[in-house]
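Here is the structure we will look at.
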Amino acid sequence: MPEGNKDEGPHMPPTKESHRIAIAFVVACAFLMQGVDTTLLTIAIPLIARDLGQSPLSLHLLITAYLLSLAVFMPVSGWFADRFGARRVFCWSVALFMTASMACAAMPGLWTMLPLRMLQGFGGALMTPVGRMIVLRAFGPGRTLDGMTWLTIPVLIGPLIGPLIGATLIEFAPWRTLFFVNAPICLAAIIGALRLIPATPPEGAGAFDLGGFALAGLSLVLFQLGVEALSHPGFGLVGAVVLVAGSLAVFQVYRRHARGLDRPALDLRLFSNASYRTGVIAGGIGRIGINSSAFLLPLFLQLGLGFRPIHAGLLAALSGLGSFASKPLLKRCVARFGFRRVLIAITLLGTLSLLAFAGVSTAWPLGLLIALVLITGAIRTLYFNAANTLTYTDLQDGELSRAVSSAGVFQQLTMGLGISISAALLAVIQTPGGALQKADFHWAFAAMGLIPLLSLPVLWRYRDTGAAPAVAEAPATLPVAPAAPVAPMRKTQAPLRNKSIGERRAAAETDHDANTDVSGTAA
């Protein structure tokens, strides 16, 4: 154990600043690994599909299965950390993420890979939330912003380098090597965690809402399957309606179950807060449309415009570069105009950027295409950051843990829906038995571009409540880092309220918003 930690009690921050930064760097390795993992897979979809004898559209299941697993298992992360200890859960979740990824490389087909991708999602659902909790504890109360600052850079770097690594690998090596890329980073994170993170004893978790978790998870799975059914000839519209209706029925059962519980698996009482409600609902609707570009763009470049993977990877990486350029803009815009007007403007810009892709052809100058990709990446990051920050802007400190966990579930679900709906649209538009054409992607971009407009009535009814807080960082492309519970205080210490709203917002950072996105994540 590093010097200065021998006598520390549970959750006591390390005494040396260098040690705190080293812990944050270890956790940042997990964030970076998760951001790279999905983005490098997305760029390789056409090649993997050809090798497995599958349609490129069916390969979206490798991403949506991962995101769905993230959404379903995210509520259990805090309970696992309290029950078994944060360092132990972090190490085992990183090991599970790495093992499931490498096992995918040995699978002969798509359907044998899917369970392993879901297992990898379970590891990710524990890994990044618990890692974020470890960093918050290391820096201690009042230094939330300092701790989270060290985690924002890998969230942005992952989607930037992921397409480049993926495109380069599949140019010179078999695509199955993609599943081994994160192994060195995982091993480094595990070794660093064992050497640097204090092994605090488990706190003793209270009773977990297992019944509510099962009902909420079943509802999410049925809803996702309903969307997937649209593109499956054996189910079609009737099957989709039946599955979605079943999902809504199960969700109503969950609502009745959750009434009166102090800590339900998903706390729906938070929707009484106007900012939270607007951020989750309007942000989710917009995320479905705007995040679809992270899935559609690599396919469009390769299958629609005939780009080689390496060139498509370079262009897709520019989307991540656009997120860096947009970072300084949002805080000033929100401070001057408020969330309502800024989100409405970004929503309209997001729609216009997607509609612009509906006119892209091989006759376009490369410089114009590069500019469009940069602008689209910047808009996506601006939207995710603004929606994420609005979600938590009016919540009290005691509500943040429940809010981050519950909102993160909906955020990951909508990210997966953006991919699923895009794939379903392409499957419906595509000529039966034929290959995907440029015009098919044009229609898909146009249709997905209209979805964010559905959020405008929700945004229009929202009224800003006061001064705008500092804006939380969020990944511009998928996955994304999942939401994390805020670290609990020591029982002997009176709860401290962050001195600045900006610190509270940083603690609530989400979206591997991902990203998290997908190109891409949360992500």
Side-chain angles (χ1 to χ4, degrees), residues 25-52 54 59-67 69-70 90-128 131 154 157-194 298 309-310 312-314 316-317 320 477-481 512 518-523:
F25 182 78
V26 167
V27 175
C29 287
F31 280 63
L32 177 63
M33 170 187 61
Q34 200 171 39
V36 168
D37 179 82
T38 303
T39 56
L40 59 85
L41 181 62
T42 306
I43 203 71
I45 280 179
L47 178 61
I48 298 174
R50 187 164 59 248
D51 193 42
L52 296 180
Q54 298 281 346
L59 265 292
H60 82 277
L61 293 172
L62 292 177
I63 299 172
T64 53
Y66 174 84
L67 291 176
S69 183
L70 278 177
F90 179 77
C91 291
W92 278 107
S93 61
V94 172
L96 179 62
F97 185 93
M98 176 183 66
T99 304
S101 177
M102 293 189 298
C104 284
M107 294 299 103
L110 170 64
W111 302 107
T112 52
M113 286 184 187
L114 286 179
L116 292 170
R117 285 292 288 173
M118 297 190 74
L119 187 63
Q120 194 177 358
F122 175 59
L126 299 180
M127 179 175 65
T128 45
I157 289 179
L160 180 62
I161 66 175
L164 298 178
I165 296 174
T168 304
L169 271 179
I170 62 177
E171 282 280 334
F172 303 105
W175 60 264
R176 293 183 184 274
T177 57
L178 296 175
F179 293 103
F180 293 93
V181 167
N182 58 38
I185 310 176
C186 285
L187 290 174
I190 293 172
I191 294 171
L194 292 174
I310 186 67
L314 286 169
T477 47
L478 215 187
V480 75
H512 0 257
V518 274
S519 80
T521 3

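Everything numeric here is computed off the predicted structure, so don't read it as measured data. All values below were derived from every heavy atom in this structure, side-chain atoms included, with hydrogens, water molecules and symmetry-related copies excluded.
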What heavy-atom pair brings [X] and [Y] nearest, and what distance separates the two atoms?
{"X": "Val94", "Y": "Ala189", "result": "CG1-CB, 4.4 Å"}
{"X": "Pro309", "Y": "Ile170", "result": "CB-CD1, 3.5 Å"}
{"X": "Phe90", "Y": "Met127", "result": "CD1-O, 3.6 Å"}
{"X": "Thr168", "Y": "Phe172", "result": "O-CD1, 3.1 Å"}
{"X": "Gly166", "Y": "Leu178", "result": "CA-CD2, 3.8 Å"}
{"X": "Cys91", "Y": "Leu194", "result": "SG-CD2, 3.9 Å"}

Once you round to the nearest 0.5 Å, how far does [atom1] of [X] lie from [atom2] of [Y]?
{"X": "Ile310", "Y": "Leu169", "atom1": "CD1", "atom2": "CG", "answer": "9.5 Å"}
{"X": "Leu119", "Y": "Cys104", "atom1": "CG", "atom2": "SG", "answer": "9.0 Å"}
{"X": "Met113", "Y": "Leu41", "atom1": "CE", "atom2": "CG", "answer": "8.5 Å"}
{"X": "Leu110", "Y": "Gln54", "atom1": "CG", "atom2": "CD", "answer": "5.0 Å"}
{"X": "Leu67", "Y": "His60", "atom1": "CG", "atom2": "NE2", "answer": "10.5 Å"}
{"X": "Ile190", "Y": "Ile185", "atom1": "CD1", "atom2": "CD1", "answer": "12.0 Å"}

task: Spell out, as yes or no, whether a donor-acceptor pair under 3.5 Å connects the side chain of Thr177 to the backbone of Pro174.
output: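 Between the backbone of Pro174 and the side chain of Thr177 there is a qualifying donor-acceptor contact (under 3.5 Å).
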task: Could you tell me whether a side-chain N or O of Arg117 sits under 3.5 Å from a main-chain N or O of Thr64, the two making a donor and an acceptor?
output: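 Pair absent, no side-chain N/O of Arg117 close to backbone of Thr64.
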message: Checking Ser101 now: which residues fulfil side-chain hydrogen bond (donor to acceptor under 3.5 Å, both in side chains) with it, not counting sequence neighbours?
response: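 If we apply the side-chain hydrogen bond (donor to acceptor under 3.5 Å, both in side chains) test to Ser101, skipping adjacent residues, the hits are Asn182.
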task: List the steps and the verdict of side-chain contact (heavy atoms from CB on, under 4.5 Å) for Arg50 and Trp175.
output: CA-CA 11 Å; Arg50 187 164 59 248; Trp175 60 264; over 6 Å; no
field: Passing candidate, side-chain contact (heavy atoms from CB on, under 4.5 Å) with Leu59, options Leu61, Leu62, Ile63
entry: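 The option that passes is Leu62.
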Stepwise side-chain contact (heavy atoms from CB on, under 4.5 Å) check, Gln120 with Phe97: CA-CA 5 Å; Gln120 194 177 358; Phe97 185 93; 3.3 Å; yes
task: Give the intermediate values and the outcome of side-chain contact (heavy atoms from CB on, under 4.5 Å) for residues Thr99 and Leu96.
output: CA-CA 5 Å; Thr99 304; Leu96 179 62; 5.6 Å; no
